[in-house]
Amino acid sequence: MGALKSLNKYFLRYKWRLIAGFFIVIAARVFAVFNVDIVGDIVNDVETYIESGDSNLDGLKDSMLFKLGLLLGAALLSGFFTFLMRQLIIVVSRFIEADLKDDVYAQYQRLSLGFYKKNRTGDLMNRISEDVTKVRMYLGPAIMYLLQALVLFAVVIPYMVRMAPSLAAYTLIPLPILSIAIYKLSRAIHVRSTIVQEYLSKLTTFTQESFSGISVIKAYTLEPNTFRDFATLSEDSKQKNLNLVKVQAFFFPLMIGLIGASNLIVIFVGGQQYIDGTIAELGTLVEFIMYVNMLTWPVATVGWVTSIIKAAEASQIRINEFLEIEPDIVNTVTEHTPINGAIAFKDVTFTYEDTLITALKNISFTVQPGQTLAVIGPTGSGKSTILELIGRLYDVTSGSITIDGTDVKMLNLNDFRSEIGYVPQDAFLFSDTIGENIKFGKTDATDEEVYAFAKAASVHHNIIDFKDGYDTVLGERGITLSGGQKQRVSIARALIGSPKILLLDDSLSAVDTETEEEILNNLQQLTTNTTTIIVSHRISSAKNADQIIILEDGKITQQGSHNQLITKEGYYKELYVKQLDEKEM
Ligand SMILES: Nc1ncnc2c1ncn2[C@@H]1O[C@H](COP(=O)(O)OP(=O)(O)OP(=O)(O)O)[C@@H](O)[C@H]1O
């Protein structure tokens, strides 16, 4: 139960509703028990009337009518309080579920990029859906049923013992057996339903992936293979479901069997005791049968609830472990730290923790504020890593990165990131309108600003050609932009915030050379006060940069301006000659 203690703070948040819920549970159960008492009374009245041999029915009729009225009143009140009880306790569990989801999501936002590289999307999704749902079952139904059961035991059992002690003992004997059996069955159901859930996730992931990769599947006529794989997975899933259904099928027969056994005991033992006079009134037998039926479900819930609590505890342990993870990158500086944009790498080495690939080896370079640096190099040489380190998506393994002479770790992270315009290689656009996607770079931007920066990124003319212009929705239900259009919308998003540092990761690779030139010219005008780093495979993107570095296998092998580098033997000159030849062809 240790892990579940961390939920206490949420309980405290809604304590008044829970306290009210507690009293209402008592009221609902008391009225339910009152009903049984009245039924017992009615039977006793009839018995007394028959035994008295009185031929006048009027007195009996009046008293029965009155008691039936009471019965109706108590049933209505019990129903009303049961409704209120669910409204309070189940609603609180929904509130806490939402709070917990918010906390889990907030932690996702806090964690650094490295965390996401180490964990699979499915597992990340599970924590916010599956695990939280299991905890909610404890917060709502488990607590409500347990409370209901405890109140009922506290009211009914002493009453039964007082009425007929030995009959009470006989009747109550099967109930703990029922509770233990239901607990064991619930555990078995839980284990099997977890497996079913895993298969459901596999099926969902499989289907999702086939939807995303539908063009590849069709182009390579992979439909039969995909279908075969799906059918195998579906068959396995069906088998697991059948295993689950088998144990689930025991649940109600077990309950009905044990209720039947208790009823038989009441009738058999109670009948004998009535005959030999140990029990004076027939009403007692009727009340006992009603109590046994009333107690069966709460007794079963004790077993069921115990298994829910166990499952919730396992989920809460996972949630707690996750909430306690500290992000690798933390902001330790609270005061504002405006920057000018001078970047210096000093002996920077960086190893990715998950793959242990050393992407950068003793890198040193400096860029003055407002200057442009181009980074050129073969694929996998570490170019993107440089940009990720500048944006502090990771921290260096050794060496240092300074901005205006201050170590990046000493800058206010939020301030610093707000000064950066970053266009990653796989520029991601959200399922929103094009206009809103550009505004992500500056949430209070005016429409005029959006148009101006879309023009600077040479994408305005494409956008206005769409039927809905800037209101065109992107993503699953919307339009799909071409690779080049996506890149340019992302550039507009980076530029609109007027960043001090602009990082372009191969961001012009999907546009033709004329558009590339147009954008680079616009950038030159717009970024006189912005330090720009352009990662590229194209000489055309690098040639006008103030400084170019060549990166090979994580090391700087050449450094200089375009004019200097084309005269030196090496990667840059080779690339220049190759791309010149391609252009002439
Ligand atoms: N998130 C990551 N986790 C682990 N290893 C990574 C990660 N990102 C990159 N790497 C590895 O680090 C090395 C450098 O990668 P990087 O993306 O910086 O190269 P790049 O020069 O930008 O390549 P490209 O031109 O293909 O984009 C590669 O060997 C790559 O496999």
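In this text, all values refer to a predicted model and were calculated from it rather than measured experimentally.
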May I have the list of side-chain donor-acceptor pairs in residues 163-189 shorter than 3.5 Å, sequence neighbours left out?
{"unit_1": "Ser166", "atom_1": "OG", "unit_2": "Gln273", "atom_2": "NE2", "d": "2.6"}
{"unit_1": "Thr171", "atom_1": "OG1", "unit_2": "Leu167", "atom_2": "O", "d": "2.4"}
{"unit_1": "Ser179", "atom_1": "OG", "unit_2": "Val299", "atom_2": "O", "d": "3.3"}
{"unit_1": "Ser186", "atom_1": "OG", "unit_2": "Ile182", "atom_2": "O", "d": "2.7"}

Contacts table for residues 149-161: side-chain donor-acceptor under 3.5 angstrom, sequence neighbours left out:
{"unit_1": "Tyr159", "atom_1": "OH", "unit_2": "Asp37", "atom_2": "OD1", "d": "2.7"}

Pair up each side-chain donor or acceptor in residues 250-272 with any protein partner under 3.5 Å, not counting sequence neighbours, and list the distances.
{"unit_1": "Ser262", "atom_1": "OG", "unit_2": "Leu258", "atom_2": "O", "d": "3.2"}
{"unit_1": "Asn263", "atom_1": "OD1", "unit_2": "Asn293", "atom_2": "ND2", "d": "3.4"}

Under 3.5 Å donor-acceptor pairs involving side-chain atoms of residues 76-85, not counting sequence neighbours:
{"unit_1": "Ser78", "atom_1": "OG", "unit_2": "Ala28", "atom_2": "O", "d": "3.3"}
{"unit_1": "Thr82", "atom_1": "OG1", "unit_2": "Arg29", "atom_2": "NH2", "d": "3.4"}
{"unit_1": "Thr82", "atom_1": "OG1", "unit_2": "Ser78", "atom_2": "O", "d": "2.6"}

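Within the 4.5 Å cutoff, side-chain heavy atoms of Leu481 are placed close to those of Leu429. Ser431 places none of its side-chain heavy atoms less than 4.5 Å from the side chain of Val473. Looking only at side-chain heavy atoms (C-beta outward), Leu139 and Phe11 come within less than 4.5 Å of each other.
A distance-only check finds no donor-acceptor pair linking the side chain of Glu313 to the backbone of Val135 [under 3.5 Å]. Under the 3.5 Å distance criterion, the side-chain polar atoms of Ser212 are matched with a main-chain donor or acceptor of Gln208. Of the possible donor and acceptor atoms, none in the side chain of Arg392 sits under 3.5 Å from a partner among the backbone N and O of Leu413. A donor-acceptor pair under 3.5 Å links the side-chain atoms of Thr232 to the main chain of Arg228, judged by distance alone. Side chain of Ser315 to backbone of Ala312: no donor-acceptor contact under 3.5 angstrom is found. A donor-acceptor pair under 3.5 Å is formed between the side chain of Asn412 and the backbone N or O of Thr334. The closest donor-acceptor contact from the side chain of Ser193 to the backbone of Val196 lies at 3.5 Å or more, if one exists at all. Side-chain atoms of Asn44 come within 3.5 Å of backbone N or O of Gly283 as a donor-acceptor pair. For the pair Thr443 (side chain) and Lys439 (backbone), a donor-acceptor distance under 3.5 Å is absent. Using modelled atom types, no side-chain atom of Ser237 and backbone atom of Leu233 make a donor-acceptor pair closer than 3.5 Å.
Within the structure, every pair that satisfies the side chain to side chain donor-acceptor pair (under 3.5 Å) test and touches residues 7-17, not counting sequence neighbours, is listed here: Tyr10-Asp103, Arg13-Asp99, Tyr14-Asp99. The stretch residues 79-96 participates, sequence neighbours left out, in these salt bridge (charged side-chain N to carboxylate O under 4.0 Å, His left out) pairs: Arg94-Glu97. Among residues at least two apart or in separate chains, there is no salt bridge (charged side-chain N to carboxylate O under 4.0 Å, His left out) pair with a member in residues 189-214. For residues 64-82, every residue pair satisfying the salt bridge (charged side-chain N to carboxylate O under 4.0 Å, His left out) rule, not counting sequence neighbours, is listed here: Asp45-Lys67.
Residues that satisfy the salt bridge (Lys or Arg N to Asp or Glu O under 4.0 Å) test with Glu326, not counting sequence neighbours, are Arg110. Applying the salt bridge (Lys or Arg N to Asp or Glu O under 4.0 Å) test to Glu235 and every residue at least two apart in sequence or in another chain returns Lys238. For Lys61, the salt bridge (Lys or Arg N to Asp or Glu O under 4.0 Å) test picks out no residue, with sequence neighbours left out. With sequence neighbours left out, Asp41 forms a side chain to side chain donor-acceptor pair (under 3.5 Å) with no residue at all.
Atom CZ of Phe34 is surrounded by 12 or fewer heavy atoms from other residues, nucleotides or ligands within 6.0 Å. The number of heavy-atom neighbours closer than 6.0 Å to CD of Glu353, taken from other residues, nucleotides and ligands shown, is 12 or below. Annotation: Lys442, atom NZ; neighbour count of heavy atoms from other residues, nucleotides and ligands within 6.0 Å is above 12.
One finds the CD atom of Gln425 at 9.0 Å from the CD atom of Glu388 (value rounded to the nearest 0.5 Å). Atoms CG and CG, on Leu65 and Leu60 in that order, are 10.5 Å from each other to the nearest 0.5 Å. For the atom pair CZ of Phe430 and CG of Asn437, the computed distance is 7.5 Å after rounding to the nearest 0.5 Å.
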Open item on the list: Could you walk me through whether Phe350 and Asp395 satisfy the side-chain contact (heavy atoms from CB on, under 4.5 Å) test, starting with their C-alpha distance in whole Å, then the side-chain angles of each, then the deciding distance to 0.1 Å, before giving a yes or no?
Closed with: CA-CA 8 Å; Phe350 178 73; Asp395 275 336; over 6 Å; no

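No hydrogens or angles considered: a donor-acceptor pair under 3.5 Å links the side chains of Asn320 and Ser6.
A perpendicular orientation is assigned to the rings of Tyr394 and Tyr352, their planes being inclined by more than 60° (bins at 30° and 60°). In this structure, Phe230 and Phe206 have tilted ring planes: the angle between them lies in the 30° to 60° band.
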